[in-house]
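Shown next, in structure tokens, is the structure this report addresses.
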Number of protein chains: 2
Amino acid sequence: MTPKKPKSENSIVDIAKALGISPATVSRALNNNLRISEATRARVKEMAKEMGYRHNSMASSLRNRRSNIIGLIVPRISMYFHVFFITSLQRQLQAAGYNLMICQSNDSVSVEKELANTLYSARVDALVVSLTLYTENIAHFDGFLRQGIPLVFYDRVPTRRTEAYVIKGDDYRGGLLAGNHLIQAGCQRIAYISGPLSCSIYQERTRGFVDSLAKHHIPLRQEWIYYHELTAENAWDSLRKLFEGDIIPDGLFAANDTTAIAAVAFARERGIAIPDELKIVGYSNDPRAAIITPAITSIEQYPNDMADKVAETLINALQHRHTPSPNTIGEPLICPVDLVRRMTT
Amino acid sequence: MTPKKPKSENSIVDIAKALGISPATVSRALNNNLRISEATRARVKEMAKEMGYRHNSMASSLRNRRSNIIGLIVPRISMYFHVFFITSLQRQLQAAGYNLMICQSNDSVSVEKELANTLYSARVDALVVSLTLYTENIAHFDGFLRQGIPLVFYDRVPTRRTEAYVIKGDDYRGGLLAGNHLIQAGCQRIAYISGPLSCSIYQERTRGFVDSLAKHHIPLRQEWIYYHELTAENAWDSLRKLFEGDIIPDGLFAANDTTAIAAVAFARERGIAIPDELKIVGYSNDPRAAIITPAITSIEQYPNDMADKVAETLINALQHRHTPSPNTIGEPLICPVDLVRRMTT
DNA sequence: TTGTAAGCGTTATCAT
DNA sequence: ATGATAACGCTTACAA
């Protein structure tokens, strides 16, 4: 009986044996180490191909104490803004030699916690997070900070101060722009449908919007303000209530485009003329806002630019891991937004 | 000088030392191994928490020869169908203890190849792939098959026979339904805008569509058929050509909804009445198809159901890794589709 | 129920 | 330029 070892797969040791050289040399050759002769490098690579060798990143990661994986926790990949953000971020990280592990919290705080723990154990080299609508306590990310693992929050960021990097859109200005635009378009009775105030972006949009109305001495009726998850269903509920009284709004700021789209559909069903009887501003500049009739005025957030900032921050932090320059942290980085005017205003 | 080891982080060995027991016991306790006393299990877990221990999945993966990571290569996450598919698949795999590593080929064959190699080296436990528009040679996935790593193609699958699992929508039937529906709606001059025939789904949709017209003795004019990437820009180009002659189509089958949406916009600009002068059927039942005016008739593909099938196949294959039952492979699994009628027909 | 010891595959360090 | 060796942290026969 031949003592045939079941040898599942060839390792650098096997290559070394086959070539009569040491595993260290093989490793160096495969990693294009400088001080290895061209000749052996070539021999090694050829033998590797011949033997069907594949690099084992688990072993390599264990030895190097780095996984080359970057974790991403995002509320939902179905949101337009995040899709564009992710695509751009992934391209850049890929180019820098990192893999992105994309996870969805589905706007559940408990899922977010689980994912944070999983990615923590998985030894991701860095973590990028956009929080759920309801995350107020961010203690589940503390481990990353303690271990000096780069942690970047973007878009939906913590509402309290943190040692992590923070990169966000200028939601305050977005709210301000929306309010100003509706007022300049002649609206006097402006309604507002916002997401929950536990979430940074809605806090900020609300602040900006409220400031705008105050500045122009436009009254803000509490009965015309709604805070809830910005789904089409919720939007319809709120719209029904908004339009059931005698005094009805002539302007609406919807804190996302799903809500703005629902408002357009609602107005059509009720025979409310847009923009004559009701003007609408949405948020995010979802592609749907442009194709619907009438096309919706919205706030553009430039997801690609934000992805650039995040990628830059990440790569910088990963390179200088030994000098955790805390001076670059602290102040949130704020990305510009713009109002895109269309047919609803 | 105190010989203070720089001990970066605590391992099970440290816990063992602190407790005066062996690392093996600690490992077993943390893994809830059956034959460990309740008492020590509790002691270990407490000490682990106290010492801020975190599991090292790199080490664990190396030892176990499994990463618990499943790779996914998808053309673009911006496509509605894939977003829903991914979300559903990820939820199920997460529940089964796997992490999903989502990558985008961006419809580039070379990127697809790179990603396949990266995920191969990353030692993913399985790979799920929807091919680019242009992937005809699938040799870059051969390594997975050779190593017995479960490989599942879904939606855009290889056009040639493969040993991998294949799960696809019933695109032939989708094309058939679209053709039949337009004909029953009274169309006589039907145009067709398809994706490139290098891609399985467009091959099949075309076959079904062609068969439908043949069966009903409706002529198929070659000048009314276009094959190209289904972007809005390309759609406009083709539509312009379609409507520049004397004889113009009264029906259009668009092989995706982006194209159908472009057709609606084109018709509006040209003052072509829909559905009276032109009837349109799209594909995928993109949510945009429902909100545009007029709402577009489309083919629903049930991405969640396909994700269920893929998850089931994967988990099954991963459990029986030692019995690579080849009988379950071979025949593609075909998922049903339905026509959703709206205002464009 | 717990301990001992070897090994997963790679790479950094030190030596030659 | 190359080799020998140890170690990364965990798991699992095998022993006790």
Side-chain angles (χ1 to χ4, degrees), chain A residues 5-45 47-48 51-69 120-125 147 322, chain B residues 5-45 47-48 51-69 97 120-125 147:
Chain A
K5 251 211 289 184
K7 278 261 14 90
S8 56
E9 213 169 327
N10 289 320
S11 72
I12 55 174
V13 178
D14 300 306
I15 300 181
K17 275 184 197 144
L19 253 41
I21 59 180
S22 91
T25 306
V26 175
S27 171
R28 285 190 272 250
L30 291 173
N31 289 319
N32 293 314
N33 190 305
L34 301 161
R35 41 201 198 181
I36 215 80
S37 79
E38 265 308 332
T40 48
R41 190 204 311 276
R43 288 202 310 143
V44 166
K45 290 202 171 173
M47 181 57 82
M51 297 176 67
Y53 168 80
R54 67 164 161 159
H55 179 74
N56 188 326
S57 9
M58 327 257 50
S60 177
S61 294
L62 177 59
R63 182 62 234 238
N64 290 325
R65 298 158 153 283
R66 56 208 301 281
S67 63
N68 278 0
I69 296 177
Y120 186 57
S121 292
R123 252 52 185 193
V124 293
D125 288 348
Q147 298 296 341
H322 297 296
Chain B
K5 253 211 287 187
K7 279 262 12 94
S8 56
E9 214 169 329
N10 289 319
S11 74
I12 55 171
V13 178
D14 300 307
I15 299 182
K17 274 184 199 144
L19 254 38
I21 59 180
S22 90
T25 306
V26 174
S27 171
R28 285 191 271 249
L30 291 173
N31 289 320
N32 293 315
N33 189 306
L34 302 162
R35 43 201 197 179
I36 216 81
S37 79
E38 265 307 332
T40 48
R41 190 204 312 275
R43 287 203 311 145
V44 166
K45 291 202 169 173
M47 179 59 81
M51 296 176 68
Y53 168 79
R54 66 165 164 161
H55 179 76
N56 187 326
S57 11
M58 327 256 50
S60 172
S61 295
L62 177 59
R63 179 60 230 244
N64 290 327
R65 299 156 152 282
R66 56 210 300 280
S67 63
N68 278 358
I69 296 177
Y120 186 57
S121 292
R123 251 55 184 189
V124 293
D125 288 348
Q147 298 296 341

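Letters A, B, ... are given to chains in the order of the sequence lines, protein chains preceding strands, and every chain is numbered from 1. The shown structure was predicted, so the numbers you read here are calculated from the model rather than taken from an experiment.
Not counting sequence neighbours, B:Arg43 has no partner by the salt bridge (Lys or Arg N to Asp or Glu O under 4.0 Å) test. Remark: A:Tyr120 engages A:Phe144 in a ring-ring contact (aromatic ring centres under 6.0 Å, His included) (not counting sequence neighbours). B:Ala42 pairs by the side-chain contact (heavy atoms from CB on, under 4.5 Å) definition with nothing, not counting sequence neighbours. Residues forming a salt bridge (Lys or Arg N to Asp or Glu O under 4.0 Å) with B:Arg123 (at least two apart in sequence, or on another chain): A:Glu9. In this view, B:Ser61 satisfies the side-chain hydrogen bond (donor to acceptor under 3.5 Å, both in side chains) rule with no residue, not counting sequence neighbours. Not a single side-chain hydrogen bond (donor to acceptor under 3.5 Å, both in side chains) links A:Ser121 to another residue, sequence neighbours left out. Take A:Asn56 and apply the side-chain hydrogen bond (donor to acceptor under 3.5 Å, both in side chains) test, not counting sequence neighbours, and it matches no residue. Every salt bridge (Lys or Arg N to Asp or Glu O under 4.0 Å) that A:Arg41 has, sequence neighbours left out, goes to A:Glu38. Looking at residues two or more places apart in sequence or on another chain, you find a side-chain hydrogen bond (donor to acceptor under 3.5 Å, both in side chains) between A:Ser22 and A:Thr25.
Taking five base pairs at each end of the helix from C:dT1-D:dA16 to C:dT16-D:dA1 and finding the rotation axis that steps the C1' atoms of four pairs onto the next four gives two axes whose angle is 30°, to the nearest 10°.
A straight line from CG of B:Asn68 to P of D:dC10 spans 15 Å, rounded to a whole angstrom. Rounded to whole Å, the distance from CG on A:Leu30 to P on C:dT10 is 9 Å. Going from atom CD1 of A:Ile21 over to atom C1' of D:dA1 covers 11 Å, rounded to whole Å. The distance between atom CG of B:Asp14 and atom C1' of D:dG9, rounded to the nearest whole Å, is 10 Å. To the nearest angstrom, C1' of D:dC10 lies 14 Å from CG of B:Asn33. Straight-line distance from the CZ atom of B:Arg66 to the P atom of D:dT11: 12 Å, rounded to whole Å. Atom pair B:Leu19:CG and C:dG3:C1' shows a separation of 15 Å (rounding to whole Å applied). Regarding A:Lys17, its NZ atom lies at a distance of 20 Å from the P atom of D:dT2, rounded to whole Å.
Nucleic acid contact for B:Ile36: sugar-phosphate only, since backbone atoms but no base atoms lie under 4.0 Å from a heavy atom of the residue.
When the nearest nucleotides of DNA chain C are assigned to B:Arg123 and B:Ser22 by heavy-atom distance, the more 5′-ward of the two goes with B:Ser22.
Within residues 55-63 of chain A, the residues that place at least one heavy atom under 4.0 Å from DNA chain D are, in residue-number order, A:Leu62, A:Arg63.
To the nearest 0.5 angstrom, A:Asp14 atom CG is 11.0 Å from A:Met47 atom CE.
The side chain of A:Arg65 contributes an N or O atom lying less than 4.0 Å from OP1 or OP2 of D:dG9. Of the side-chain N and O atoms in B:Asn64, one or more sit less than 4.0 angstrom from OP1 or OP2 of D:dT12. The side chain of A:Thr40 contributes an N or O atom lying less than 4.0 Å from OP1 or OP2 of D:dT2. Between A:Ser37 and D:dT2 there is a side-chain polar atom (N or O) within less than 4.0 angstrom of OP1 or OP2.
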Polar pairs (N or O, both sides) under 3.5 Å between protein and nucleotides 14-16 of chain D?
none

(Q) Run the side-chain contact (heavy atoms from CB on, under 4.5 Å) test on A:Arg66 and A:Asn68 for me, step by step, so that the C-alpha distance in whole Å, both residues' side-chain angles and the decisive distance to 0.1 Å come before the verdict. (A) CA-CA 6 Å; A:Arg66 56 208 301 281; A:Asn68 278 0; 3.2 Å; yes

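Between the side chains of B:Lys17 and B:Asn10, no donor-acceptor pair is found at a separation under 3.5 Å.
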